[in-house]
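First the structure, in the form of structure tokens, and then the observations on it.
Model, not experiment: these values are computed from the prediction.
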Amino acid sequence: MPHNRIATNIQAVLIPAARGQDCWSYSSAMKVRVSRPGQLRYCYPDIVVVCEPHENLSQAETRPCLVVEILSQSTRQVDMTYKAQDYLSLPSLQGYLLVDSENRAAELYRRLPHDWTVEAVQDEVTLPCLTIPLSLNPSTRVSRSSRPTKGKGHPADWVALPAFAGRQAYAFTSPWLRSMMLRSTVWRMPPFL
């Protein structure tokens, strides 16, 4: 399953970095509490990183600094609209990474002092919160033995260990985000629905 392999490859990068910085990196089993005007909601992101002291973890995480969603045909619209609005409203969040499992593409919403910027990830991105590189290069991947190996670029290996082995352009995930990027490098969150 490409979705799970991509998440595993990202976690292989995040977990050691999180341990070294007194942070935690959780998989999809950890729910995140978000709020919309008048109601609380809970989301289950594919990956969540937390670097602030934990509250009652039996309930939900409330202060993530990085959220990662792996886009697939069935989750793409929800992850890019409703969940994006919910996550970007969290004061602790520094980055929201969307990784497209079908098109070898990724976008990172990065918090600025008063707004958000959307970055189209081409080869490698430095993730906020942990300040580590994450590569989309398919030539280096996490093998079953957790050591880097040369691969053939299986779609699930697009997100790999932090290694850089060449330049390649990747497409934007959506025409809407492309139009936003062409207008400005700073994106203002649309009002809640």
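Sequence neighbours left out, the pairs with a member in residues 64-122 that pass disulfide bond (SG atoms under 2.5 Å apart) are Cys65-Cys129. For residues 18-30, no residue pair satisfies the salt bridge (Lys or Arg N to Asp or Glu O under 4.0 Å) rule, not counting sequence neighbours.
In this structure, the side-chain contact (heavy atoms from CB on, under 4.5 Å) partners of Gln39, at least two apart in sequence or on a different chain, are Arg36, Arg41. Under the side-chain contact (heavy atoms from CB on, under 4.5 Å) criterion, Arg111 pairs with Leu93, Trp116, sequence neighbours left out. In this structure, the side-chain contact (heavy atoms from CB on, under 4.5 Å) partners of Thr126, at least two apart in sequence or on a different chain, are Thr131.
The CZ atom of Arg33 lies 13.0 Å from the CG atom of Asp86; values are rounded to the nearest 0.5 Å. Note that CD of Glu61 and CZ of Arg63 are 7.5 Å apart. Values are rounded to the nearest 0.5 Å. The OG1 atom of Thr117 lies 10.5 Å from the OH atom of Tyr109; values are rounded to the nearest 0.5 Å. Distance CG/Leu98 to OH/Tyr87: 10.0 Å, rounded to 0.5 Å. Note that CG of Leu134 and CD1 of Ile132 are 7.0 Å apart. Values are rounded to the nearest 0.5 Å. Note that OG of Ser25 and CG of Leu130 are 7.5 Å apart. Values are rounded to the nearest 0.5 Å.
You'll find the side chain of Glu107 stays beyond 4.5 Å of the side chain of Val121, heavy atoms only. Using a 4.5 Å cut-off on side-chain heavy atoms (C-beta onward), Ile10 and Ile6 make contact. By the 4.5 Å heavy-atom criterion applied to side chains, Trp24 and Met30 are not counted as neighbours. At least one side-chain heavy atom of Leu90 sits less than 4.5 Å from a side-chain heavy atom of Val34.
A salt bridge links Arg110 and Glu119; the closest N-O separation between the charged side-chain nitrogens and carboxylate oxygens is under 4.0 Å.
Asp100 places a side-chain N or O within 3.5 Å of a backbone atom of Glu102 that can act as its donor or acceptor partner. Between the side chain of Thr8 and the backbone N or O of Asn4 there is at least one donor-acceptor pair closer than 3.5 Å.
No side-chain N or O of Thr75 forms a donor-acceptor pair with one of Glu69 less than 3.5 Å apart.
Summarising the geometry of Leu136 relative to Ala106, their closest heavy-atom pair is CD1-CB, 3.8 Å, with the distance given to 0.1 Å. Nearest heavy-atom pair across Gly95 and Pro128 is CA-CG, 3.6 Å.
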Check residues 42-49 and write down every donor-acceptor pair under 3.5 Å in which the side-chain atom is one partner and the other belongs to a residue at least two apart or another chain.
from, atom 1, to, atom 2, distance (Å)
Asp46, OD1, His3, NE2, 3.4
Asp46, OD2, His3, NE2, 3.3
Asp46, OD2, Ile70, N, 2.6

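Linking Ile, Leu, Val, Met, Phe, Trp and Tyr whenever their side-chain heavy atoms come within less than 4.5 Å puts Leu88 and Val118 in one cluster.
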Residues Leu127, Leu14; criterion side-chain contact (heavy atoms from CB on, under 4.5 Å); working and verdict: CA-CA 10 Å; Leu127 296 175; Leu14 296 181; 3.6 Å; yes
Glu52 vs Ser92, side chain to side chain donor-acceptor pair (under 3.5 Å): CA-CA, chis, key distance, verdict: CA-CA 9 Å; Glu52 293 189 27; Ser92 63; 4.8 Å; no
